[in-house]
Amino acid sequence: MEKGNTKQEILEAALDLFSVQGYEATSVSQIVGAVGIKKASLYSHFESKQAILDALVKDVLDQYRTHSVFARTAWEDCTDEKNMQVLTPDSAAKMIQAQIRYILHDPHISKARKMLVIEQFQNPELAQLQTKQNYTDIMHYFTGFIKHLIRQGVLTEDNPEIMAAQLCLPISVWINLCDREPEREPEVMGLVERHIRQFFRIYGGTAR
């Protein structure tokens, strides 16, 4: 087996274990057992279990920055408002539902999120990452999103941060529900769509 493949298998096995039982409860013996290698082989790739965790966090952050709309979209940079397509409840619902599906079904993102939930009360660094990905970045994205829609006249002007919280925080709760009860995803997707449509009805502006 190629060295690069073994390294990736170690990372994937560690993420599988960390996402179910947590970092502290997972031993190096369990990781090598899951991969089917000896400890010496693992240590030829990673000097410690902490080094495995560090590599996983870097990988997750790289994927998050590349694929997550919450990390890569800066609505404040959308300065050419007149030439941008006006978002409708339909297009907003489809955009947000697509991101939810990515969050729920991308195996690395899904497992990493579950790992952060477990580790947030034990590891200060992962607690900060949990806050960044699941609150700070989401609130920043949706606050910018609301300001953008206000500028377009799609929404009436009010406190953008409070409007953002009203829009996005229920969605975060529904994502957590799907993590615990994945069979409820169709129900949640329906709730998300109705929630977004109601939000637009309540705050609808002149461009509707």
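Since we're looking at a predicted model, the values are computed, not measured.
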| query | Are Thr156 and Ile150 close enough that some pair of their side-chain heavy atoms sits under 4.5 Å apart? | reply | no
| query | Which heavy-atom pair separates Ile138 from Ser172 by the least distance, and what is that distance? | reply | CD1-OG, 4.2 Å
| query | Can you find a heavy atom in the side chain of Thr88 that is under 4.5 Å from one in the side chain of Phe200? | reply | no
| request: With sequence neighbours left out, write down each residue that passes side chain to side chain donor-acceptor pair (under 3.5 Å) with Lys38, or none if nothing qualifies. | output: none
| field | Heavy-atom check, side chain of Leu104 versus side chain of Ile100, under 4.5 Å | value | yes
| task | State, without any angle test, whether Asn134 and Gln130 hold a side-chain donor-acceptor pair at a distance under 3.5 Å. | result | yes
| said: Give me each pair satisfying ring pair (Phe, Tyr, Trp, His ring centres under 6.0 Å) with a member in residues 170-192, each pair once, sequence neighbours excluded. | reply: Trp174-His195
| field | Side-chain heavy-atom pair Phe121, Leu126 within 4.5 angstrom cut-off | value | no
| said: More than 12 heavy atoms of other residues, nucleotides or ligands under 6.0 Å from CD of Gln122: yes or no? | reply: yes
| task | Please examine the side chains of Phe18 and Lys111, heavy atoms only from C-beta on, and report whether any two atoms are closer than 4.5 Å. | result | no
| request: Report yes or no: do Glu185 and His105 form a side-chain donor-acceptor pair below 3.5 Å? | output: yes
| Donor on one side chain, acceptor on other, Glu161 and Thr143, under 3.5 Å | no
| said: Taking Lys58 first and then Asp54, would you say they form a salt bridge - that is, a charged N and a carboxylate O separated by under 4.0 Å? | reply: no
